[in-house]
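Count residues from 1 along the sequence. All values derive from a computational prediction rather than experimental measurement.
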Amino acid sequence: MKMETVVKGGSDPFEKRTCSTPQPPLPPPGPSTTYSKRSVMGGYHCISSATTDLWDRLFDEGYRADVCVHTENGSIIYGHSNVLGMASPVLREMLKQARKHGHQRSISMLGVPSEAVRVFIRFLYSSCYAKEEMDEFALHLLVLSHVYVIPQLKRECERKIEHGLMMINTENVVDIFQLALLCDAPRLSFVCHRMICNNFKSVSATEGWTAMKQSHPVLEKILLEFITDEDHRQKERVRNTKERQVYLQLCEAMEALVHICKDGCRTIGPHDKDFKVNQNPCNFAACKGLESLVRHFSSCKLRVPGGCIHCKRMWQLLELHSRLCADSDVCRVPLCRTFKERSRKQSKKEEIKWNILVEKLLRTKCFLGRPIFSWAITVKSS
């Protein structure tokens with residue numbers, strides 16, 4: 001059976017040696033505790049397959065085993081108290097309190113399959129596991145590694161469950177989510193939480209969701225509140241995107257209006273502008289629609305206030321420009337100074353409404369990284 005080894009540390013320590021002369025051996029440790037701190041190895045570990053095989057044999061053959069681990073189906077797994085106690089602080093305390101039968105101590109690991117317990121104890125000896133065993137018992141090993149405080153195995157289980165093919169699906173995601181919360185696995189909790197939110201309709205129809213409603217109603221309430229809030233946030237994002245698009249179109253209309261009134265565009269512009277038959281294409285996308293609106297505005301015979309929606313839109317564009325324009329004395333946009341003087345006589349409520357619109361237009365250009373109008377006022381700090 002092919003085994004995977006989890007090793008802490010870096011690359012081969014002999015990888016960069018280019019000299020063929022044998023290196024002198026390291027001096028033996030002195031009477032101090034330097035050796036117990038493992039500083040001789042320089043901060044890394046080089047574990048050969050022979051070493052891991054030796055530890056696996058020690059577990060498989062149970063040579064001088066002094067611990068009996070009783071599992072769910074009544075089977076017994078033999079181990080060594082020194083190995084188990086050094087690997088897990090929880091097991092160390094359990095062994096101190098365990099009953100002795102001759103020279104052996106007995107402990108129990110219940111609630112998970114006996115084969116999962118065997119894989120777990122094997123990992124404590126050599127930090128090895130078989131891929132097929134991890135795929136089969138990853139959830140059980142996650143529980144065992146959390147209960148008995150084996151962080152190295154816990155990280156491996158989280159990684160296997162998260163990236164395992166079809167290991168998390170809409171049928172079991174609620175169960176795995178609850179297990180991740182109990183085992184303090186934040187990354188796995190996040191992955192499950194995201195899947196529940198993205199597939200809420202199908203997940204809420206599963207047996208796992210029904211069982212969670214009965215056993216953990218508070219958790220169900222938290223999930224429902226989050227999904228409701230997320231729905232509101234999504235609608236708010238869509239609304240903000242559409243609003244920003246409207247402001248951007250208004251910005252383009254403002255630029256096109258100044259362009260038409262100052263430089264002219266194709267066949268429309270100031271009275272002193274000479275138009276050529278073949279002009280270069282216009283760089284302002286809004287010019288085409290604005291050109292039609294200006295022509296209609298200049299020739300419309302309907303003079304009833306608010307009677308023509310196109311003229312009303314043109315009036316609003318002209319007033320908005322006057323609110324943006326920094327110098328009406330030199331501006332060539334029609335009625336700019338008139339609207340500027342008229343704004344001083346408007347009500348405070350009307351003034352606030354226009355000021356908010358102007359600020360949002362300028363902030364939209366800043367947000368999108370567009371240059372501010374050269375003829376416009378500067379944005380006010382809120």
Side-chain angles (χ1 to χ4, degrees), residues 228-229 231-265 268-271 284-382:
T228 302
D229 293 342
D231 185 54
H232 291 329
R233 285 191 291 268
Q234 180 65 25
K235 290 179 181 179
E236 184 70 14
R237 284 192 290 268
V238 172
R239 187 185 68 81
N240 290 338
T241 301
K242 291 181 179 180
E243 187 180 72
R244 193 176 295 120
Q245 191 65 29
V246 171
Y247 291 145
L248 181 60
Q249 291 173 357
L250 281 175
C251 290
E252 292 174 349
M254 292 295 99
E255 291 177 325
L257 180 63
V258 173
H259 164 65
I260 290 174
C261 297
K262 181 181 179 181
D263 304 321
C265 181
I268 189 170
H271 62 87
F284 295 91
C287 270
K288 186 175 182 181
L290 192 59
E291 181 180 350
S292 302
L293 188 62
V294 171
R295 289 187 179 281
H296 169 83
F297 181 73
S298 62
S299 60
C300 182
K301 303 301 181 181
L302 187 61
R303 299 300 181 185
V304 181
C308 178
I309 187 173
H310 302 295
C311 291
K312 183 179 180 180
R313 186 180 302 170
M314 189 66 202
W315 282 109
Q316 290 173 338
L317 289 176
L318 290 172
E319 184 167 1
L320 178 59
H321 166 79
S322 71
R323 300 276 179 170
L324 283 164
C325 187
D327 192 354
S328 299
D329 295 333
V330 297
C331 181
R332 304 198 64 177
V333 176
L335 304 176
C336 181
R337 182 185 296 178
T338 302
F339 277 112
K340 185 78 76 174
E341 294 175 354
R342 177 187 168 189
S343 65
R344 299 190 183 98
K345 301 177 182 180
Q346 287 180 335
S347 64
K348 187 175 181 180
K349 183 179 179 180
E350 194 74 11
E351 183 74 14
I352 292 174
K353 182 184 72 174
W354 282 103
N355 288 342
I356 291 175
L357 178 59
V358 169
E359 186 173 346
K360 285 188 175 182
L361 282 178
L362 296 176
R363 290 192 181 280
T364 298
K365 289 183 71 68
C366 293
F367 179 81
L368 297 175
R370 305 287 183 86
I372 299 296
F373 311 114
S374 59
W375 45 267
I377 61 176
T378 56
V379 62
K380 299 177 181 179
S381 58
S382 56

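Atoms CG and CE, on Leu320 and Met254 in that order, are 4.5 Å from each other to the nearest 0.5 Å. For the atom pair Asn355 CG and Lys348 NZ, the distance stands at 11.0 Å (nearest 0.5 Å). The line from CH2 of Trp354 to CD of Glu319 is 4.0 Å long, rounded to the nearest 0.5 Å. Separation of atoms NZ (Lys312) and CZ (Phe297) is listed at 14.0 Å; rounding is to 0.5 Å. Taken to the nearest 0.5 Å, the CG atom of Asn240 stands 13.5 Å off from the CZ atom of Arg233. Atom CG of residue Leu248 and atom OG1 of residue Thr241 lie 12.0 Å apart, to the nearest 0.5 angstrom.
Considering every non-hydrogen atom in both Cys308 and His296, the closest pair reads SG-NE2, 3.1 Å.
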side-chain contact (heavy atoms from CB on, under 4.5 Å) between Cys331 and His321, intermediate numbers included: CA-CA 10 Å; Cys331 181; His321 166 79; 3.1 Å; yes
Kindly indicate, with the supporting measurements, whether the criterion side-chain contact (heavy atoms from CB on, under 4.5 Å) is fulfilled by Leu362 and Leu324. CA-CA 9 Å; Leu362 296 176; Leu324 283 164; 3.9 Å; yes
Residues Cys300, His310; criterion side-chain contact (heavy atoms from CB on, under 4.5 Å); working and verdict: CA-CA 9 Å; Cys300 182; His310 302 295; over 6 Å; no
Decide yes or no on salt bridge (charged side-chain N to carboxylate O under 4.0 Å, His left out) for Glu359 and Arg363, but give the supporting numbers first. CA-CA 6 Å; Glu359 186 173 346; Arg363 290 192 181 280; 3.1 Å; yes
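Between Leu293 and Leu290 the shortest side-chain heavy-atom distance falls below 4.5 Å. Here the side chains of Leu257 and Met314 are in contact, with some heavy-atom distance below 4.5 Å. The side-chain heavy atoms of Cys261 and Pro334, taken from C-beta on, include a pair separated by under 4.5 Å.
The salt bridge (charged side-chain N to carboxylate O under 4.0 Å, His left out) check on Lys345 picks up nothing, with sequence neighbours excluded.
Classification of Glu350 and Lys353 as a salt-bridged pair holds, one side-chain N sitting under 4.0 Å from a carboxylate O. Residues Arg239 and Glu236 are paired through a salt bridge, judged by an N-O separation under 4.0 Å between the basic side chain and the carboxylate.
No hydrogens or angles considered: nothing links the side chains of Gln316 and Arg313 as a donor-acceptor pair under 3.5 Å.
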